**Q** 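What follows is a single structure, and I will ask about it in a moment.
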Amino acid sequence: MSLPKAYTPKEYEDEIYGKWEKSGYFNPDNLDLPDDVPIFTISMPPPNATGQLHVGHTLGIALQDIMARYHRMRGDRTLWLPGVDHAAIATQNVVEKLLKKEGTSRHKIGREKFLRRVQEYVSQSKSTIENQTRKMGASCDWSRENYTMSPELSHAVHMQFKKMYDDGLIYRGERIVNWCPRCHSTLADDEVEHVEQKTKLYWIKYGPFILATTRPETKLGDTAVAVHPSDKRYKNMVGKKYQILGVLGKFEITVIADNAVDKNFGSGAVKVTPSHSFVDAEMAKKNNIPGKQIIDEDGLMMENCGKYAGMKTLEAREAIVKDMTIMGLIDHIDENYQHNLSICYRCQTPIEPLPSWQWFVAVDKEFKLKNKDLIKKFGKERATLKEISKWAVESGTIDIVPERFKKIYYQWMENLHDWCISRQIWFGHRVPVWYRGKKNDDEIYVGLEAPKRDGWIQDEDTLDTWFSSALWTWSTLLNKKDYQKYGRLEEWVEESPDLKNFHPTSVMETMHDIIFFWVARMIMMTLHAINQIPFKTVYLHGMVCDRHGKKMSKSKPETCIEPIAVSGKYGTDALRLSLIIGNTPGNPLRLSEQKIVSFRNFSNKLWNIGRFIEFNSEKNNFKEENEFETKTLADKWIMSKFNSLIAEATGDIDNYHFSHAGEKLYDFAWHALADWYIEIAKLQNDQNTHNLAHHVYVNLLKLLHPFTPFVTEKIYESFGAGKMLLIENWPIADDKKINSQAEQDFIIVQELIANIRLWKKDNRIGQNEIIKLQIAGADKIINSELSMINHLAKAEIKIISILAKSDFEVRNLKVSMVK
RNA sequence: GGGUUCGUAGCUCAGUUGGUUAGAGCGCCACGUUGACAUCGUGGAGGUCAGAGGUUCAAUUCCUCUCGGACCCACCA
């Protein structure tokens, strides 16, 4: 089979992927490996079930696929485990939008029907993202695919909830929570984003005080005024109660002293609304001040707000300011006050802090470790989630690449508060808790299934989507068969061979923006659940930006790279290379179509080197190692360069320097093999040279395969290899072939040729015009390479010992040229 | 307020423990199509390595500051 003139990826990629998948080699069980080979595991960060694959996914897939293919070729027992995330809020939002278009809503159709609708939607879009993942060349083991909402994983989620509850690490409590009135749910602290905003700062007359606030409407919920303990202005007032005139008449506040107050801001006195502010709630709690809730879960003013009841908070603010102005309660207003507004990371709606009953994970409460190795390394039998998670990284048990994210991780861990895990949305893992009687009753049952007796009602809430994702590395490896029979996690773990074989996973590769949402939570939860770290190394990639360095957005199609479209146009290999080369961990990458085009050109170059090799190799007689000798300087040079390349590329991949490895391979293929050795092969033009070229090229294909899997596999196939490149052996560098003398000598020849070409150009001599050349010195090298120089520089060479005119130097050579 | 990171050729970026003449890709300019490839080849132009100071025999590289971008955490009403 011979290769057509140009590489047309679109024609081959699906077919190649089909062959890989059909071979079963993505599954390490089918590779018949010796028992003692190293294990390499990557858990794929599950994309959202509703999502379309974007170029950020492609980068992740490319990086993970490089590692997976490399380790597979090294002969490691390699498992790359794929899956999909149910993405609770995100998915529910999408389906709610669909319902809205149809003129209905989740409340109209009810919980059961809504969830069925979500399920239908997910099963459809799930296969979309799976197929897009295939399109990107992911060599993951689809036979082990998981879904965070599968019955098995749900069972694991419930089990872990119960385990944490039994250990006292999960509790229910009334707290101020971040509430998104649009999502109608709580949010975790890190699901809240802050945006700078200009707003009005109202200076209001407040009994004996004048104080500044951005939210006058919360005055209806005030129960205190706080001042700094050392503030002399208010010293005598602390502890006293005052009657304050408000828009609904007089109300009482207590003056409290708290260090959280800044003496220098405003008047140094701050009104305290414990039910609608985190800071205020904390101050109130310390001083035993009650709260008064005035805003409900829809973001509306509550019944206790008199004529403002039912208004949205912003409406109420306007109305109240208007009334206060009439009453003479406004001192003055600063128009352009800059502050940070808290918004929902999903829908950008301003969040409303509210008091609410929720489930929390206690991060500062000790639990008992069971794993003896872990206890030994950690040094204690008891740990809090915070302590042990911090230790895992500090001790080097888990490594983070790039290093600087360790600091970010520590900082986050140190400031961590209890994690609110209950959500008021419908799609997700239902909290496995049942109540008898009213919800707030003392009688609570936490278990894997509903209690048998009557009268129990399940908690309405679902779990934060990251709760299930936090279990991902190990819940996906649990034994799926008869999972329901397991009542205890230890038992289930014990009977799960995959978990024993493949966990802890080797590398977690993901984008740095979810280090807290996901990476940190996996570390915490896995250390508690199974007393293991979830992974040994975390590799964090940065955001893929457009060519202006801005976040890509579908609303800007001119700079937004759509991976599926681009893959069809230039090939997946080109797209992957453009994401890998020039990229460093943790840093943003600017991607443009132009860059992808240049790597499409490289795919084609590689292809055409293949065509040349194919024409000239021993026809239909492919052997793993064609026989050849390393005879000429060029032979020695290319073998030396190539064996260095093997060593360097291998080292780079081992050290997560994927860009370096890719660049070196690109450079070797184009500027060593194609530009020089192939050209020389045309001159030497004997079977030995062609066999040597064949050898170098075939092994280069192996090195390139993790980076550009499709084109390399296709060429390899057409070369008539019986085996897929996918499972070929990774080349090993032969130090004996590394020959620095040959490399130095060859550089002299290269420079000589380049200088002759330049001289011809400077003297307006046609490139194909033959010139006469006299060279003095270094006879040994030159003599043996005469024919090469003659052809590549179009010259007739004489070696002499006297210098003529038009001189220049190449190292220690003296050269003169005449037309 | 605390912290991180970047500033190298027109553009995107390398530069591996400080050491000759600072590199690549793309773009640009000139020339070149005899069967691997025009998705190509050959050659070229282009940088006071953001600025200032310091350490050193030697600084793009280490330290300090300034200017200019990006980001994270915390959050002041």
Side-chain angles (χ1 to χ4, degrees), chain A residues 3 5-8 189-190 194 201-202 204 211-215 218 225-226 260-273 277-280 283 337 339-340 342 402-405 407-412 414-415 512-513 515-516 542-543 545 547-550 570-571 574 578 581-584 586-592 594-616 648 651-652 655 657 659-660 663-664 666-667 670-671 674-675 678-679 681-682 753-762 764-768 792-794:
Chain A
L3 298 167
K5 196 165 175 177
Y7 175 58
T8 45
D189 291 344
D190 46 15
H194 303 277
L201 183 65
Y202 303 90
I204 60 178
L211 45 79
T213 179
T214 52
R215 298 195 62 185
T218 60
V225 165
V261 179
D262 179 357
K263 277 192 285 190
N264 300 318
F265 185 89
S267 59
V270 55
K271 66 190 208 58
V272 178
T273 320
S277 154
F278 286 92
V279 180
D280 292 7
M283 291 197 286
Y337 176 66
H339 82 143
N340 281 332
S342 302
E403 191 105 12
R404 70 187 136 94
F405 282 93
K407 203 165 177 181
I408 293 171
Y409 173 86
Y410 298 142
Q411 193 186 318
W412 185 81
E414 278 158 19
N415 294 324
H512 66 71
D513 66 337
I515 183 170
F516 308 132
M543 182 156 55
C545 298
R547 76 179 116 101
H548 307 296
K550 299 270 181 248
Y570 304 113
S578 71
I581 293 184
N583 196 354
T584 45
N587 294 324
L589 174 81
R590 293 191 188 197
L591 184 67
S592 61
Q594 201 179 45
K595 186 173 178 189
I596 302 165
V597 169
S598 73
F599 288 109
R600 184 275 314 267
N601 296 353
F602 175 69
S603 305
N604 192 58
K605 186 74 184 180
L606 200 60
W607 180 263
N608 273 289
I609 301 171
R611 293 213 315 148
F612 178 85
I613 303 270
E614 189 182 45
F615 293 150
N616 294 291
E648 284 178 37
D652 283 339
N655 292 306
H657 298 158
S659 176
H660 281 160
E663 217 177 317
K664 284 169 189 166
Y666 175 104
D667 185 61
W670 205 315
H671 302 305
D675 285 354
I678 295 290
E679 291 306 317
K682 290 175 185 171
I753 290 170
N755 279 296
I756 296 164
R757 286 166 175 167
L758 180 57
W759 181 85
K760 287 167 79 175
K761 178 147 189 140
D762 287 347
R764 299 184 177 277
I765 296 167
Q767 281 172 33
N768 293 327
L792 294 182
K794 305 277 181 197

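We name chains A, B, ... by the order of the sequence lines, and we start the count at 1 in each one. Here the structure is a predicted model, which means the values were calculated and not measured.
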**Q** Taking the C1' atom in each of U61(B) and C49(B), what is the distance between them to the nearest angstrom?
**A**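 Each nucleotide's C1' atom is 10 Å from the other's.
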**Q** For K595(A), answer base if it contacts any base atom (sugar-phosphate contacts may also be present), sugar-phosphate if it contacts only those atoms, and nothing otherwise; contact means non-hydrogen atoms under 4.0 Å.
**A**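 Contact class for K595(A): none.
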**Q** Counting side-chain heavy atoms from C-beta on, which of G41(B), G15(B), G2(B) comes nearest to W670(A)?
**A**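 That would be G41(B).
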**Q** Could you tell me how far U33(B) sits from G51(B) if I compare only their P atoms? Round to whole Å.
**A**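 It comes out at 45 Å once rounded to the nearest Å.
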**Q** Quickly work out the N264(A) CG to G1(B) C1' distance and round it to whole Å.
**A**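 The distance from CG of N264(A) to C1' of G1(B) comes to 14 Å, rounded to the nearest Å.
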**Q** Identify whether any heavy atom of V279(A) sits under 4.0 Å from a base atom; if not, whether one sits that close to sugar-phosphate; answer base, sugar-phosphate or nothing.
**A**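 Sugar-phosphate, backbone atoms only, no base.
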**Q** State, to 0.1 Å, how close I581(A) and E663(A) come at their nearest heavy-atom pair, and which atoms those are.
**A**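 Minimum heavy-atom contact is CD1-N, 3.8 Å.
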**Q** If you assign each of W412(A) and K263(A) to its closest nucleotide in RNA chain B, which residue comes earlier from the 5' end?
**A**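 Comparing both residues, the 5'-ward one is W412(A).
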**Q** Which nucleotide wins on minimum distance to the side chain of E663(A), given the candidates A14(B), U12(B), G25(B)?
**A**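 Output: A14(B).
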**Q** Between R547(A) and Q594(A), is there a side-chain heavy-atom distance shorter than 4.5 Å?
**A**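 Not touching, per the 4.5 Å side-chain cut-off.
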**Q** Can you give me the closest heavy-atom contact between Y7(A) and N604(A), atom names plus distance?
**A**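 Reported closest heavy-atom pair: N-OD1, 3.0 Å.
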**Q** Tell me: NE2 of H671(A) to P of G41(B), nearest whole Å?
**A**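 Distance, rounded to whole Å: 8 Å.
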**Q** Just checking T273(A): base, sugar-phosphate only, or nothing, at a heavy-atom cut-off of under 4.0 Å?
**A**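 No contact at all - T273(A) keeps every heavy atom at 4.0 Å or more from the nucleic acid.
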**Q** Choosing from C37(B), G3(B), U39(B), which nucleotide comes nearest the side chain of N601(A)?
**A**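 Given the options C37(B), G3(B), U39(B), the side chain of N601(A) is closest to U39(B).
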**Q** Using atom NE2 of H339(A) as one end and atom C1' of G1(B) as the other, report the distance to the nearest whole Å.
**A**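 The answer, rounded to whole Å, is 18 Å.
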**Q** Classify the nucleic acid contact of A754(A) as base, sugar-phosphate or nothing, counting any heavy atom under 4.0 Å across all strands shown.
**A**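 Contact class for A754(A): sugar-phosphate only.
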**Q** For side-chain contact (heavy atoms from CB on, under 4.5 Å), just list the numbers for F599(A) and Y570(A), CA-CA rounded to whole Å, side-chain angles, deciding distance to a tenth of an Å, and then say yes or no.
**A** CA-CA 8 Å; F599(A) 288 109; Y570(A) 304 113; over 6 Å; no
**Q** Applying a 4.0 Å non-hydrogen cut-off, can you work out what K550(A) is touching in the nucleic acid: base, sugar-phosphate, or nothing?
**A**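 Touches nothing.
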**Q** Can you tell me the distance, in whole Å, between the CG atom of N587(A) and the P atom of G7(B)?
**A**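 Rounding to the nearest Å, CG of N587(A) and P of G7(B) are 9 Å apart.
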**Q** Please determine whether any donor N or O and acceptor N or O are separated by less than 3.5 Å between the side chain of K761(A) and the base of A30(B).
**A**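 Indeed there is one.
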**Q** Using purine N1 to pyrimidine N3 plus N6-O4 or O6-N4 for Watson-Crick, or N1-O2 and O6-N3 for G-U wobble, each under 3.5 Å, what pairs with U64(B)?
**A**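 Paired with A52(B).
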**Q** Give me the distance, rounded to whole Å, that separates C62(B) from U4(B) when you measure between the P atoms they each carry.
**A**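 Those two atoms are separated by 15 Å.
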**Q** K760(A) near the nucleic acid: base, sugar-phosphate alone, or nothing, with a heavy-atom cut-off under 4.0 Å?
**A**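 K760(A): no heavy atom of the nucleic acid under 4.0 Å.
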**Q** For A30(B), what is the paired nucleotide under Watson-Crick or G-U wobble rules, both distances under 3.5 Å?
**A**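 When the pairing criteria are applied, U42(B) turns out to be the nucleotide that pairs with A30(B).
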**Q** Measure the distance from CG on L589(A) to P on C6(B) and round it to the nearest whole Å.
**A**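 Interatomic distance, CG of L589(A) to P of C6(B): 16 Å.
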**Q** Hey, does L758(A) reach any base, or is it just sugar-phosphate, or nothing, if we go heavy atoms under 4.0 Å?
**A**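 If one applies the 4.0 Å heavy-atom cut-off, L758(A) turns out to touch the sugar-phosphate alone, with no base involved.
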**Q** Which pair of non-hydrogen atoms, one from G586(A) and one from H512(A), has the smallest distance, and what is that distance?
**A**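 Distance-wise, the nearest heavy atoms are O-CD2, 3.7 Å.
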**Q** Select one nucleotide: of C75(B), A14(B), C40(B), the one nearest the side-chain heavy atoms of H194(A).
**A**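 The answer is C75(B).
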**Q** Could you give the distance separating C65(B) and G2(B) at their P atoms, to the nearest angstrom?
**A**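 Here G2(B) and C65(B) have their P atoms 12 Å from each other.
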**Q** Within this structure, what is the OH-to-P distance between Y337(A) and C75(B), rounded to whole angstrom?
**A**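 It is 14 Å, rounded to the nearest whole Å.
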**Q** Do any side-chain nitrogens or oxygens of R590(A) fall under 4.0 Å of OP1 or OP2 in U12(B)?
**A**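 True: R590(A) side-chain N/O within range (under 4.0 Å) of U12(B) OP1/OP2.
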**Q** Which heavy-atom pair separates V270(A) from L211(A) by the least distance, and what is that distance?
**A**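 Reported closest heavy-atom pair: C-CD2, 4.2 Å.
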**Q** U42(B) and U66(B): how far apart are their P atoms, nearest whole angstrom?
**A**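 Comparing P positions in U42(B) and U66(B) gives a spacing of 49 Å.
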**Q** Please name the pair of heavy atoms, one in V225(A) and one in A269(A), separated by the smallest distance, quoted to 0.1 Å.
**A**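 That closest heavy-atom pairing would be CG1-CB, 4.1 Å.
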**Q** Is there a donor and acceptor pair closer than 3.5 Å between the side chain of R600(A) and the base of U39(B)?
**A**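 Side chain to base: pair present.
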**Q** Go through G3(B), U42(B), A38(B) for me and flag the one nearest to the R757(A) side chain.
**A**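 Closest nucleotide to the R757(A) side chain: U42(B).
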**Q** Take atom C1' in C57(B) and the same atom in U20(B), then report the distance between them in whole Å.
**A**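 Roughly 15 Å separates the two C1' atoms.
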**Q** If you measure from the P atom in C75(B) to the same atom in U48(B), how many Å do you get, rounded?
**A**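 It comes out at 46 Å once rounded to the nearest Å.
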**Q** Just compare C26(B), A36(B), C73(B) and give me whichever is closest to any side-chain atom of E679(A).
**A**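 Minimum distance to the E679(A) side chain belongs to A36(B).
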**Q** Looking at the base of C75(B), is there any donor atom on it, or on the side chain of N340(A), that sits under 3.5 Å from an acceptor on the other one?
**A**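 By the distance-only test, yes, there is a pair.
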**Q** Could you check whether H512(A) gets within reach of a base, just the sugar-phosphate, or nothing at all, counting any heavy atom under 4.0 Å?
**A**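 Answer is nothing: H512(A) stays at 4.0 Å or more from every strand.
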**Q** Can you name the closest pair of heavy atoms from G582(A) and L589(A) and give their distance?
**A**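 Between these two residues, the closest heavy atoms are O-CD1, 3.6 Å.
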**Q** Would you mind classifying the nucleic acid contact of D675(A) as base, sugar-phosphate or nothing, using non-hydrogen atoms under 4.0 angstrom?
**A**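 D675(A): backbone/sugar contact only, no base atoms under 4.0 Å.
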**Q** For the side chain of K605(A), counting heavy atoms from C-beta on, which of G15(B), U39(B), C40(B) is nearest?
**A**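 Out of G15(B), U39(B), C40(B), the nucleotide with an atom closest to K605(A)'s side chain is C40(B).
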**Q** Regarding C31(B), can its base be found pairing with the side chain of Q767(A) as donor and acceptor, where the two atoms are less than 3.5 Å apart?
**A**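 For Q767(A), whose side chain was compared with the base of C31(B), there is a donor-acceptor pair (under 3.5 Å).
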**Q** To the nearest Å, how far apart are I678(A) CD1 and G41(B) P?
**A**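 That distance rounds to 13 Å.
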**Q** If you apply the rule side-chain contact (heavy atoms from CB on, under 4.5 Å), what do you find for L792(A) with R757(A), and how did you get there?
**A** CA-CA 9 Å; L792(A) 294 182; R757(A) 286 166 175 167; 4.1 Å; yes
**Q** Would the base of A36(B) count as contacting K682(A) through its side chain, where contact means a donor and an acceptor less than 3.5 Å apart?
**A**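 Flag set: donor-acceptor pair detected.
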**Q** Taking U12(B) as the reference, what is the distance to G3(B) when you measure between their P atoms (whole Å, please)?
**A**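 Looking at atom P only, G3(B) and U12(B) are 30 Å apart.
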**Q** In the structure shown, which nucleotide is the Watson-Crick or G-U wobble counterpart of C57(B), with both distances under 3.5 Å?
**A**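 Its partner is G19(B) (Watson-Crick or G-U wobble, both distances under 3.5 Å).
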**Q** Is there a Watson-Crick or G-U wobble partner for G47(B) with both distances under 3.5 Å, and if so, which one is it?
**A**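 In the structure as shown, G47(B) has no Watson-Crick or wobble partner.
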**Q** For A70(B), what is the paired nucleotide under Watson-Crick or G-U wobble rules, both distances under 3.5 Å?
**A**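 Across all strands, the one nucleotide that pairs with A70(B) is U4(B).
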**Q** Would you indicate what Q594(A) reaches in the nucleic acid, counting non-hydrogen atoms under 4.0 angstrom: base, sugar-phosphate, or nothing?
**A**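 Touches sugar-phosphate only.
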**Q** From the set C75(B), U34(B), U42(B), return the single nucleotide nearest to any side-chain atom of K794(A).
**A**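 That would be U34(B).
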**Q** Taking only the side-chain heavy atoms of F516(A) (C-beta and beyond), determine which of U12(B), G2(B), C72(B) contains the nearest atom.
**A**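 Closest nucleotide among those given: C72(B).
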**Q** What nucleotide, of U5(B), U39(B), A36(B), holds the atom closest to the side chain of N604(A)?
**A**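 The nucleotide sitting nearest to the side chain is U39(B).
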**Q** Applying a 3.5 Å limit to both distances, which nucleotide forms a Watson-Crick or G-U wobble pair with U12(B)?
**A**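 Pairing partner, where one exists within any strand: A24(B).
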**Q** Just how far, in rounded Å, is P of G25(B) from CZ of F599(A)?
**A**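 F599(A) atom CZ is separated from G25(B) atom P by 10 Å.
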**Q** Is the shortest side-chain N/O distance from T584(A) to OP1 or OP2 of A14(B) below 4.0 Å?
**A**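 Answer is yes, contact under 4.0 Å.
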**Q** Check this for me: does any side-chain nitrogen of one of E614(A) and R611(A) sit under 4.0 Å from a carboxylate oxygen of the other?
**A**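 No.
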